[in-house]
Each structure stands twice: as structure tokens, then as C-alpha cells.
Amino acid sequence: MTSAGPGRPRSQQPSRPGATAREEILDAAAELFTTMGFANTSTRSIADAVGIRQSSLYHHFKTKDDILEDLLGGTVSGGLAFARAVAALPQAEASAGSRLHAVALYDGTLLCNARWNLGVLYHLPEARSGRFERFLAGRRELRNLYGELGGALAPAGDPALPGSSAGDLAFRLVESLINLRADGMATSDSPPQAADAGLILCGLGAELPAIREQSAALIERLG
């Protein structure tokens with residue numbers, strides 16, 4: 001048995017990605033929650049997957065819900081931070097279409113490239129309870145930012161599709177990547193396709209080449 005600090009005696013050498021025991025626990029839980037199910041995963045099975053004692057796991061997380069809270073929050077934190085940065089830019093610095101496209105592309109890429117498809121956890125009944133209000137509030141804010149960015153498209157977009165609806169449509173297209181990935185059908189092209197589709201449905205298909213170029217510059221600058 002090896003040891004890597006207080007509260008962390010090991011029965012084996014670490015084999016999971018992560019610089020800390022906490023990160024390794026989150027990785028193991030992410031795998032088990034998304035493959036075995038949240039209800040079917042015990043803290044003991046998570047500890048076993050990391051190679052630590054169950055009592056050592058409680059040094060980092062008091063309950064299984066605490067682990068789920070961290071994992072859910074991680075699915076929105078990166079996209080939310082980027083969306084905030086894009087929304088804070090002066091209007092003259094980027095077109096409305098490029099802003100929405102950049103947020104959708106960045107957010108969708110994070111969802112598709114994460115080690116585990118944690119978006120599937122959104123469907124858990126537990127994830128919609130007040131226990132996870134911090135995650136729910138972050139997701140609401142992200143969705144609202146999509147709506148604000150979509151609202152700026154109203155003059156140039158399809159009059160039949162109000163701006164706020166355009167933003168919500170983009171948000172829904174991005175989150176559809178979660179199911180696409182769960183079905184084993186997501187590819188590296190899926191995030192840009194989802195971002196493009198949102199703009200095409202807003203009536204901006206003809207402007208896509210310029211939008212993509214500006215979107216890439218925003219991601220390079222702020223991502």
C-alpha cells in the first residue's frame with residue numbers, strides 16, 4: 001500500500017488522470033455515473049475505482065451528491081465563463097452572428113471533448129432538485145446569455161424567429177450534442193455543425209463564411 005498525503009492511503013499506484021486525489025475521485029465518479037448510473041454507483045465503488053479506502057473518499061467529499069454537484073457544475077462553468085466574456089465585448093468588436101456562433105461552438109466543443117459525457121446527468125431527477133441550485137443557476141444564466149446574444153440577431157435574422165428564440169434554439173442545438181455523443185454518433189465536426197445550424201435557421205446562411213472567421217477569432221482571443 002502507498003500513501004499520497006493525509007486521508008489518502010492507497011491500495012495501488014494512481015492510474016487515473018488528475019493531479020490530486022479529488023480530481024481522481026471526480027474522474028472515477030464521472031465514469032461510473034455515466035456508464036453504471038448514478039443510483040447504481042456507491043461511494044465504495046468510486047473509492048475502489050480510484051484505489052483508495054472509502055473513508056479516504058469522505059476526506060474530500062462528504063456525500064455522493066457533493067461529487068455529483070462538482071461534476072454538474074463543471075459541465076457549464078467553461079461555457080458560461082466564455083459566454084460572459086463574449087457578452088461583455090463592445091458591440092463594435094464583433095457581429096451579433098459571430099458572437100452567438102462562437103459561444104455555441106465553444107460550448108459544444110467542451111461538451112463533446114470532455115473525457116466523459118457528463119451532459120447525460122442532466123436527465124437525472126436528482127439534478128433538478130434544489131440541492132443542485134448552484135448548477136441550475138449557472139445553466140440558466142448560460143441559457144439566458146444565449147438568449148441575449150440571439151436577441152441581437154433580430155434585425156438581420158428571420159422575422160418569424162424572434163431573437164430570444166434564436167438564442168434558445170442555438171442553446172438547444174448545442175445540448176443535443178449530448179444525445180448525439182451518447183448514441184456514438186458525435187464527431188469532431190459535430191460542434192461546428194451545431195453552431196452553423198443555429199445561424200442558418202436564423203436566416204444567416206449566406207453570411208456564414210464571415211461569421212465563422214470572426215467566431216474563430218473570438219475563440220482564439222477569449223477561449
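Counting begins at 1 with the first residue of the sequence.
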Between Gly97 and Ile211, what is the shortest heavy-atom contact and its length?
O-CG2, 3.7 Å
Checking Thr187 against Leu180 for the side chain to side chain contact (heavy atoms under 4.5 Å, CB included) test, could you report, in this order, the C-alpha distance in whole Å, the side-chain angles of both residues, the deciding distance, and whether it holds?
CA-CA 9 Å; Thr187 70; Leu180 195 70; over 6 Å; no
Testing Asp27, Thr35, Thr75 for side-chain hydrogen bond (donor to acceptor under 3.5 Å, both in side chains) with Trp116, which one passes?
Asp27
Donor-acceptor pair, distance only, cut-off 3.5 Å: does the side chain of Arg22 make one with the backbone of His60?
yes
So Leu118 and Phe33, do their side chains get closer than 4.5 Å, heavy atoms only?
no
Are any of the side-chain heavy atoms of Phe135 and Arg128 separated by less than 4.5 Å?
no
Would you check if Val86 and Tyr106 make a side-chain contact, meaning some heavy-atom pair closer than 4.5 Å?
no
Whether Glu148 side chain and Ala87 backbone form a donor-acceptor pair below 3.5 Å
no
Is a side-chain donor or acceptor of Ser215 paired with a backbone partner of Ala102 at a separation under 3.5 angstrom?
yes
Donor-acceptor side-chain pairing of His101 and Asp196 below 3.5 angstrom
yes
Check: Asn117 side chain, Thr34 main-chain N or O, donor-acceptor pair, under 3.5 Å
no
Rounded distance (nearest 0.5 Å) linking atom CG of Leu169 with atom CG of Leu153
11.0 Å
Does Asp48 come within less than 4.0 Å of Arg44, counting only side-chain N to carboxylate O?
no
Side chain to side chain contact (heavy atoms under 4.5 Å, CB included) between Tyr146 and Val174, worked out
CA-CA 11 Å; Tyr146 270 86; Val174 168; 3.6 Å; yes
Are the side chains of Arg99 and Leu89 in touch, meaning some heavy atoms are under 4.5 Å apart?
yes
State, with a plain yes or no, whether a side-chain heavy atom of Glu69 is found less than 4.5 Å away from one of Arg131.
yes
Member of Leu71, Leu124, Leu32 meeting the side-chain contact (heavy atoms from CB on, under 4.5 Å) criterion with Phe38
Leu124
Minimum heavy-atom distance between Gly78 and Leu110, given as atom pair plus value
C-CD1, 3.7 Å
Test: Arg139 cationic atom under 6.0 Å from Tyr122 six-membered ring centre, within 45° of axis:
yes
For the backbone of Ala94 and the side chain of Ser98, can you confirm whether one donor and one acceptor N or O come within less than 3.5 Å of each other?
no
Does the distance from a Lys or Arg side-chain N to an Asp or Glu carboxylate O, for Arg140 and Glu133, drop under 4.0 Å?
yes
Can any side-chain N or O of Arg134 pair as donor or acceptor with the backbone N or O of Asp70 at less than 3.5 Å?
no
Salt bridge check, Arg115 against Glu31: does any charged N sit closer than 4.0 Å to a carboxylate O?
no
Residues Gly108 and Leu177: closest non-hydrogen pair is CA-CD1, 3.7 Å
Contact between Glu207 and Arg212 at the side-chain level, heavy atoms closer than 4.5 Å - yes or no?
no
Closer than 3.5 angstrom, by distance alone: can the side chain of Asn40 be matched with the main-chain N or O of Gly37 as a donor-acceptor pair?
no
Please walk me through it: do Leu208 and Leu204 pass side chain to side chain contact (heavy atoms under 4.5 Å, CB included)?
CA-CA 7 Å; Leu208 264 181; Leu204 297 175; over 6 Å; no
Side chain to side chain, Asp168 and Arg172, heavy atoms closer than 4.5 Å:
yes
